[in-house]
Amino acid sequence: MEIRLAGISDIEQIDAIYNQAIELQMATADTKPYPWEKRLKWFNDHTPEEFPVYVAEIEGSVIAYFSLSPYRPGREALKYAVEISYFIEEKFRGRGIGSLMMESALKIAVELGYRDVIAILLGHNRASIGLLEKFGFERWGVMPGIAEFDGKKFDHLYYGKKLRE
């Protein structure tokens with residue numbers, strides 16, 4: 001497996017992985033497939049020198065990705081905080097890929113000068129909670145029952161990790 005900076009040619013596979021997460025109702029609060037135009041804007045807003053997107057690739061196929069995004073864009077006092085998002089194709093979950101991606105993401109966040117990494121996730125995503133806690137993230141907040149899928153309510157969690165003071 002190789003973890004590398006994403007390119008424009010990876011958008012289709014990134015989009016497929018994200019849309020799979022939407023279908024599974026586990027890893028995102030989106031409920032409808034992400035439109036191509038919105039994904040292209042998202043990708044273009046993630047400049048490698050500030051907010052990169054990386055993909056994990058096996059034999060030429062993108063099977064996972066992570067991104068570092070601004071936390072509360074435009075608010076200068078929060079410029080050293082970054083939000084991490086990561087998604088893995090379903091058939092590759094549980095193989096340690098998340099751990100390899102998290103190691104890379106945290107190293108990159110440090111290199112880019114961020115102090116805090118924030119992950120925002122659904123409370124029923126036990127695999128993601130386990131991954132975050134394995135890497136020293138702590139639960140910083142909860143928004144009880146604000147996400148709803150098929151009439152069922154779920155918590156929205158904030159996990160965070162201090163990279164430096």
Side-chain angles (χ1 to χ4, degrees), residues 1-22 27-30 32-89 92-93 95-122 125 127-141 156-165:
M1 184 183 83
E2 175 189 5
I3 296 176
R4 62 169 174 77
L5 193 61
I8 195 86
S9 62
D10 298 313
I11 292 178
E12 189 174 322
Q13 289 176 295
I14 288 170
D15 211 34
I17 292 166
Y18 188 78
N19 286 331
Q20 181 185 65
I22 292 171
T28 180
D30 281 323
K32 295 181 181 157
Y34 219 67
W36 168 255
E37 300 79 20
K38 196 172 177 182
R39 176 63 65 206
L40 183 60
K41 181 183 179 336
W42 170 87
F43 184 80
N44 287 332
D45 287 346
H46 283 79
T47 57
E49 61 279 351
E50 195 173 18
F51 302 111
V53 177
Y54 279 77
V55 295
E57 185 177 66
I58 294 177
E59 296 177 6
S61 291
V62 172
I63 53 98
Y65 73 94
F66 70 83
S67 62
L68 298 177
S69 303
Y71 176 70
R72 306 292 307 261
R75 294 188 166 104
E76 189 66 18
L78 300 172
K79 68 183 178 184
Y80 294 109
V82 67
E83 181 182 347
I84 185 170
S85 299
Y86 45 88
F87 296 90
I88 303 168
E89 189 177 316
F92 290 97
R93 293 181 190 155
R95 298 185 185 185
I97 293 165
S99 291
L100 294 172
M101 289 195 324
M102 186 63 74
E103 286 174 8
S104 293
L106 293 175
K107 180 179 179 233
I108 291 163
V110 168
E111 290 169 358
L112 292 174
Y114 293 110
R115 284 193 293 239
D116 301 284
V117 179
I118 298 163
I120 305 169
L121 62 150
L122 296 166
N125 188 343
S128 194
I129 291 169
L131 178 66
L132 292 168
E133 290 178 349
K134 174 182 176 181
F135 281 88
F137 282 75
E138 298 173 334
R139 189 163 138 175
W140 286 358
H156 210 212
L157 307 178
Y158 278 69
Y159 270 72
K161 178 179 176 72
K162 292 259 180 222
L163 299 174
R164 61 186 175 90
E165 292 299 321

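Bear in mind that the values here come from a model prediction, so they are computed numbers and not experimental data.
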Taking only distance into account, with no hydrogens and no angle test, what donor-acceptor pairs under 3.5 Å do side-chain atoms of residues 58-82 form with protein atoms, sequence neighbours excluded?
from	atom 1	to	atom 2	distance (Å)
Ser69	OG	His46	NE2	2.7
Glu76	OE2	Lys79	NZ	3.0

Enumerate, atom names and distances included, each donor-acceptor pair closer than 3.5 Å involving a side-chain atom of residues 2-12, sequence neighbours excluded.
from	atom 1	to	atom 2	distance (Å)
Arg4	NE	Glu57	OE1	3.4
Arg4	NH1	Asp10	OD2	2.8
Arg4	NH2	Asp10	OD1	2.8
Arg4	NH2	Asp10	OD2	3.4
Arg4	NH2	Glu57	OE2	2.9
Asp10	OD2	Gly7	N	2.8

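The structure places OH of Tyr114 at 12.0 Å from CD1 of Ile84, a figure rounded to the nearest 0.5 Å. Note: Gln20 CD to Ile88 CD1 = 10.5 Å, rounded to the nearest 0.5 Å. To the nearest 0.5 Å, atom CZ of residue Arg115 and atom NZ of residue Lys162 are 8.0 Å apart. Taken from CG in Leu112 to NZ in Lys107, the straight-line distance is 11.0 Å, to the nearest 0.5 Å. Residue Trp36 holds its CH2 atom at 9.5 Å from CZ of Phe43, rounded to the nearest 0.5 Å. Rounding to the nearest 0.5 angstrom, the gap separating the CG atom in Leu106 from the CD1 atom in Ile108 is 9.5 Å.
For residues 127-138, the side-chain hydrogen bond (donor to acceptor under 3.5 Å, both in side chains) pairs, not counting sequence neighbours, are Tyr86-Ser128, Ser99-Lys134, Glu133-Tyr159. Residue pairs meeting the salt bridge (charged side-chain N to carboxylate O under 4.0 Å, His left out) criterion with at least one member in residues 39-53, sequence neighbours excluded, are Asp15-Arg39, Lys41-Asp45.
Contact check for Trp42 versus Val53: side-chain heavy atoms found under the 4.5 Å cut-off.
With respect to Leu132, the side-chain contact (heavy atoms from CB on, under 4.5 Å) criterion is satisfied by exactly one of Lys161, Met102, Arg139: Met102.
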